[in-house]
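Quick notes on the structure that follows.
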Amino acid sequence: MINNPKEALDLIEYEKVRRERKLNQKTVYVCVGTGCTAKGALKVYAEFERIIAEKNLAISLNKENDHEEDQDPVRKTGCCGRCSSGVLVTVLPWNYMYANVTVRDVEEIIDKTLLHGEPIERLMLTDPITGHKVERLEDADFYKHQNLYIMEDIGKCECDSIEDYMGRGGYSSLIKALSEQTAEGIIRTMKEAGLRGRGGGGFPTGVKWEATRKSPGEKKFVVCNGDEGDPGAFMNRTLLERDPHSVLEGMIIAAYAVGAGKGYAYLRAEYPIAVRMFNKAIEDARRLGFLGKNILGTDFSFDAEVKEGAGAFVCGEETALLASIEGKRGVPKPKPPFPAQSGLWGFPTLINNVETYANAPKILRDGIESYRSRGVEKTPGTKMFSVTGPLKLNGIIEVAFGTTLRQIIYDICGGLVAGKELKAIQIGGPSGACLSEEFLDLPLDYDTLKSVDAMVGSGGIVAMTTDNCMVEVARYFLDFTKRESCGKCAPCREGTYQAYKILEKFTQGKATYEDLENLEYLARIIKTASLCGLGKTAPNPILSTLKLFREEYVAHIEGKCPSGMCTAFKKYRINPELCKGCGLCARSCPQNAISGERGKPFMIDEEKCVKCGLCVEKCKFKAIELVH
Amino acid sequence: MPITRNFSKVEEILKKHAYDKKNLIKILLDVQKEYRHLPKDVINYLGVALDLPPAKIYGVGTFYAQFSLKPKGQYAISICDGTACHMQGSTSLLQAIEKEIGIKPGEVTPDLLFSLDQVGCLGACALAPAMVINEEVYGNLTPEEVTRILKNLKERKEA
């Protein structure tokens, strides 16, 4: 337990030296992010441990280090972002990065690289554009075009160690804040830096902090919104799993700035690793005295607690989230009053996104200049995006605001995989829009996207190809929002259901021009009349596809799905010239839709057929074909 | 109905969360973990212990997707239907599961071995299409791969 700021700063200096030494000795860092773990990272890690123990290397490799626990040559690191190339392994001090590592490669890595510093070409990252192998992480185009700010030290930071975080300068901002700065000074810094909320709206963080500070209340709270419910987005998960202390430090600083005594981190129960990591971070911070009563001997006291969400998308809306923390149904309330005036149990409450909090200590540490040198005038700084779809590389990236979609899709992720053609970019999840190719050169920042009726949202980017039907995309999102609508207000509850029903008619080939008109009208009503953000943005997928891909809606009315994705427009037909009349298809059809006489060509009854395609698989003579 | 349940487990959970109604969601998450659903008699018990009408607890229990009033299987399968997974064929995975174990989303096999849910994003989009079975993430799936995984789990049970 540290009792004064001086002692804490000394500890940071000590940890910096310790970390520097660790980075200069022979160590492998295995990425244990969600992507790599699903591909067997923990097994790879265990294999490294096993072989190193077997060969008795643990002590001999780094014996000059007198800090016993720092001799261990195998360590876990948080997500490196390049999830499609997992399992990723970094070997220090050479900084070699290996991709797609399996248990079978471990012995070779130890024998060649770890012991003799010899790189293994076979395992190196391949640049998807040039096809060249790159030795080090910083040489890969995927990282070269990024702007790593809160994600810096990728591949060589230990996600579950507070000592490692302090070795990177962590908690120095908190110490400085408590010993040298006033709350007003910190708020001024946030304003001057131009930090904007990363949850989607882009509201100026400093203004929010100031409003909460000025609100009268005998108690105040800070809340971290980690309810990342957008399908297709996983930046917050990555951040929480790779660097939980940066978020926690941000929360403590925010609490000091607004005068709060208690904080809640609202995290999704679907992210068990993030919950575990954050709980450990809280425990470690408490142990060292960064949380609790009279932090670092000052008169500021603050404690934090994890509140798990239980799977409701609407809880990402701030008033619904607060209701959920109170242990109630997550139903939103009309605003005003804003949470800054009346939040948790009626007390002033500051609520910010995970990524916003992670930026705060970094700004205090590296200065306003460094922050403002990234991004654009109105929105400085960086943003994490999760990029997915049939791209050569996908995963988590961090880029400066103002980067274009073209740079993200082509320069960083290497473009689409062979044989696929880009049709649209979905950005912002169920509240966002589908943008067509002509928007590829649009700079990504809050104001520019707003001007084309799209939004940055939390930062999910999904690439869609000519195989994807835009009407089906809209139907998919409305299916999601109608399920997740809390049911409090009618425009959202009834509107999303009816809009979904109309879209379903389109994908089933039963829609008329009148449906098209009704859909557009209904979408505008939902947008105007709904109570909270969920309903207000729910029609965006409809409106954006209607604007940019209207011809696809029309094609569905005219009896065709241009992408061939909607099964209702598919037809199976038995080619009488190829059919031998064996009857295998008829026997395997779950709907009994195929009939005929043995030895003669069989027929499919279109009324009964559910287009499962089982008969195509079963037919030995390739006599059943799909016609669009 | 005679009281057949021993509530000592519930008491443990309540104690862990200080008998505080503010922690209702945490309590219910633990109950769900223990019993794989929210049993009716436990809801009533919690009502008395927390001084909350059981209807309120029922309201919370039905609002969130993590809770279920019907028991979940020993292997709780969650098929991700996030944007990336949906666009890359999560529906065909559902069909493969239905073919292998005969249940649709929201259902459980009669032997309580498997239950199936279709969920919003699991945050494993870089591995789409993905599924989770009892916290273990499986990625880049094909219908064949899913069938193989389920067959393995069945065999493990028999062994």
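No hydrogens, no waters, no symmetry mates; every other heavy atom, side chains included, goes into these values. In the text below, chain A, chain B and the rest are named by the order of the sequence lines, each starting its count at 1.
- Residues B:Gly82 and A:Pro231 come closest through the heavy atom pair CA-CB, 3.6 Å.
- Of the atoms belonging to A:Leu42, not a single heavy atom falls under 4.5 Å from chain B.
- With a 4.5 Å cut-off on non-hydrogen atoms, A:Phe313 does not touch chain B at all.
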Compile the donor-acceptor pairs, distance criterion under 3.5 Å only, formed between chain B and chain A.
from     : atom 1 : to       : atom 2 : distance (Å)
B:Lys22  : O      : A:Lys307 : NZ     : 3.1
B:Asn23  : OD1    : A:Lys307 : NZ     : 3.0
B:Lys26  : NZ     : A:Glu305 : OE2    : 3.0
B:Lys26  : NZ     : A:Val306 : O      : 2.8
B:Gly59  : O      : A:Arg329 : NH1    : 2.7
B:Tyr64  : OH     : A:Ser324 : OG     : 3.0
B:Tyr64  : OH     : A:Lys328 : O      : 2.8
B:Tyr64  : OH     : A:Gly330 : N      : 3.1
B:Ala65  : N      : A:Ala310 : O      : 3.3
B:Ala65  : N      : A:Gly311 : O      : 2.9
B:Gln66  : N      : A:Ala310 : O      : 2.9
B:Asp81  : O      : A:Tyr476 : OH     : 2.4
B:Gly82  : O      : A:Tyr476 : OH     : 3.3
B:Thr83  : N      : A:Tyr476 : OH     : 2.9
B:Thr83  : OG1    : A:Pro231 : O      : 3.1
B:His86  : NE2    : A:Glu472 : OE2    : 2.7
B:Cys121 : O      : A:Arg268 : NH1    : 3.0
B:Cys121 : O      : A:Arg268 : NH2    : 3.0
B:Leu122 : O      : A:Arg237 : NH1    : 2.4

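- With chain A as partner, the option from B:Gly59, B:Ala84, B:Gly61 having the largest number of non-hydrogen pairs under 4.5 angstrom is B:Gly59.
- Annotation for B:Ala126 and A:Gly395: closest pair CB-CA, 4.3 Å, computed over non-hydrogen atoms.
- Only the backbone of A:Ile325 has a heavy atom closer than 4.5 Å to any heavy atom of chain B.
- For chain B, the option among A:Cys469, A:Ala310, A:Gly311, A:Gly232 with the highest count of heavy-atom pairs below 4.5 Å is A:Ala310.
- Residues passing the side chain to side chain contact (heavy atoms under 4.5 Å, CB included) test with B:Cys80, sequence neighbours excluded: B:Cys85, B:Leu122.
- Ranked by heavy-atom pairs under 4.5 Å with chain B, the list A:Pro390, A:Gly330, A:Gly86, A:Ala312 is led by A:Gly330.
- Both the backbone and the side chain of A:Val473 come within contact range of chain B, each with at least one heavy atom under 4.5 Å from a heavy atom of that chain.
- Contact annotation for A:Met235: neither backbone nor side-chain heavy atoms come within less than 4.5 Å of a heavy atom of chain B.
- Scanning for side chain to side chain contact (heavy atoms under 4.5 Å, CB included) contacts around A:Ala38 gives B:Leu127, B:Val137, with sequence neighbours left out.
- Residue pairs meeting the ring pair (Phe, Tyr, Trp, His ring centres under 6.0 Å) criterion with at least one partner in residues 97-120 of chain B, sequence neighbours excluded, are B:Tyr75-B:Phe114.
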